[in-house]
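Notes follow the structure.
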Amino acid sequence: MKLLINKSLEGAQEIQDLTGSYYANNDFERIRTDWLLAQQKITELVGKAVIDRALTHYYSDSYTSPLLGGESGVGSGSASSGLIDVNNELVYALQVPIAYMATLSYYQSNIVGHEDSGRKVKIDNQNEKLPWEWMMDKDDLAQLRKIHQTTDRLIRFLEDNSISEWIEGAKRVLTRKLFVNTVELFQEAYPIDMSPTFFYTVLSFNHEVQTKAIKKALGAQYAPLLAYWQTFADTDNPEAAEGSGVGSGAGSGIEGDAQIDETKQEILEAVQRCIPLLVMIVAVKRLNLQVLPEGVVQTFKSMLQTSSSSQAALLQVIKEWRDMMTEDANTALDDIKLLIQASDPDANTYTLAPTNNEDEKFFQL
């Protein structure tokens, strides 16, 4: 795999420029593997096509780092210069989270030296001192926060500039089939720090919840309701939503349109309130806490009330949180079923036995 770094064999200097903390006189080969793994992780998030576009531009003669000075001018000037500016910014937007991921991995594995005779720590006792473990934990947390923030910035850049490789990618295409298809909609039902990174991390859970729990609750109304929502929620064609009160990924409120079905709209909003609750239950069960938005993790910490609580206590807190969320989600599912019942009183009635004709020789059971 080609790396989105070290084009001019000055990779260490590039990483220092990107993070401000990595020593430029380090040998880049020492962090090459960390960068490779971090780049692979970002590739899994945004898609190979996005990375390939950035790599092609990075290794071209037209690439200029936005860090070297001058206006970025995204979208300005002629069409060709505007595209170059966008590609320059695309490379930078990808490099920053990769750099923070790589340096965090490097710092964590570089605490001790690895030599033929075993692991060793070499330190100048006169002028240096190893940090306490709590200091390293806080530093790791700060690095992790920057990873989340810069990855969020990357996805917003892809959205704001309508990068075609992203818009046509598998993850982005999947959102067009979902009731909760934007970060804003998810945030309305459950706070996730407006993190597009987390939204796309749990996208498969979102789809799973919709096609299992929600489809079962909606019954025969699932397909018509999804088609109704997709009429107003073409997030790649804002003109399709004009007059409906819905912008590109603006939320679920649809107002001022003669085609609005009030009954469907009420059910739709109930569905969009329910799905994020169910998704969060699945996410907390299956994902590492480090992947969750900081606000969610803080909720657990507040429930613990002390930073020195044991792992067993944390597991108990997570179980209590999951029980509360399950109760809320079940209530939301019941609301959907009640709305379905109110809109179609015969929706949940079934013929227990077929109707038979007394004049017939045979009868059905």
Side-chain angles (χ1 to χ4, degrees), residues 170-190 192 199-200 202-237 240-241 244-246 249-255 257-286 322-356 363-365:
K171 281 187 168 62
R172 191 62 166 70
V173 169
L174 180 57
T175 63
R176 299 168 201 162
K177 304 175 184 178
L178 301 177
F179 286 114
V180 179
N181 60 354
T182 65
V183 183
E184 291 81 2
L185 276 173
F186 203 111
Q187 177 77 20
E188 287 178 13
Y190 193 90
I192 56 171
F199 176 80
Y200 283 101
V202 299
L203 196 65
S204 60
F205 303 161
N206 190 337
H207 183 255
E208 178 185 336
V209 164
Q210 177 174 313
T211 54
K212 291 185 178 179
I214 298 301
K215 187 174 184 179
K216 183 177 180 181
L218 290 174
Q221 293 204 32
Y222 175 80
L225 186 67
L226 184 58
Y228 169 78
W229 167 237
Q230 290 174 331
T231 301
F232 300 99
D234 186 354
T235 56
D236 299 323
N237 181 20
S244 68
V246 178
S252 62
I254 303 176
E255 302 174 357
D257 194 300
Q259 297 179 345
I260 291 174
D261 184 321
E262 295 295 340
T263 301
K264 280 189 172 66
Q265 182 60 27
E266 192 174 7
I267 298 172
L268 173 64
E269 292 177 358
V271 167
Q272 290 173 328
R273 288 193 299 269
C274 180
I275 288 176
L277 303 180
L278 292 170
V279 171
M280 289 305 301
I281 294 171
V282 177
V284 170
K285 186 185 297 184
R286 298 182 186 176
R322 194 163 59 232
D323 289 344
M324 291 188 294
M325 287 291 291
T326 300
E327 184 177 347
D328 289 346
N330 287 337
T331 300
L333 279 172
D334 289 341
D335 290 342
I336 294 171
K337 294 172 184 177
L338 289 173
L339 289 170
I340 295 290
Q341 180 66 31
S343 66
D344 183 7
D346 295 328
N348 292 325
T349 59
Y350 304 94
T351 302
L352 298 180
T355 302
N356 290 286
F363 67 93
Q364 298 175 325
L365 295 177

As an exercise, state the distance from [atom1] of [X] to [atom2] of [Y], rounded to the nearest 0.5 Å.
X	Y	atom1	atom2	answer
K337	K216	NZ	NZ	7.0 Å
M280	Y190	CE	OH	5.0 Å
D335	I267	CG	CD1	12.0 Å
L226	Q230	CG	CD	4.0 Å
F199	K171	CZ	NZ	11.5 Å
D328	L278	CG	CG	10.5 Å

Is any side-chain heavy atom of [X] less than 4.5 Å from a side-chain heavy atom of [Y]?
X	Y	result
V284	M325	no
R172	Y200	yes
T175	L203	yes
L339	T263	no
Q210	V180	no
V279	F186	yes

For a quick test of reading the model, state the closest non-hydrogen atom pair linking A329 to C274 and the distance between them. O-SG, 4.0 Å

Scanning both residues in full, the closest heavy-atom pair of R273 with A189 reads O-CB, 3.7 Å

Does CD in E208 sit with more than 12 non-hydrogen atoms of other residues, nucleotides or ligands closer than 6.0 Å? yes

Ignoring hydrogens and geometry beyond distance, is a side-chain donor-acceptor pair present between S343 and E266 at under 3.5 Å? no

Among I340, D261, L218, the one residue meeting side-chain contact (heavy atoms from CB on, under 4.5 Å) with L225: L218

Sorted by chain and number, sequence neighbours left out, side-chain contact (heavy atoms from CB on, under 4.5 Å) with T326 holds for I281, R322, N330

Between W229 (side chain) and L178 (backbone), is there a donor-acceptor pair under 3.5 Å? yes

Backbone of L185 reached by a side-chain donor or acceptor of Q272 within 3.5 Å: no

Test L268 against Q265 for side-chain contact (heavy atoms from CB on, under 4.5 Å), laying out the working first. CA-CA 5 Å; L268 173 64; Q265 182 60 27; 3.8 Å; yes

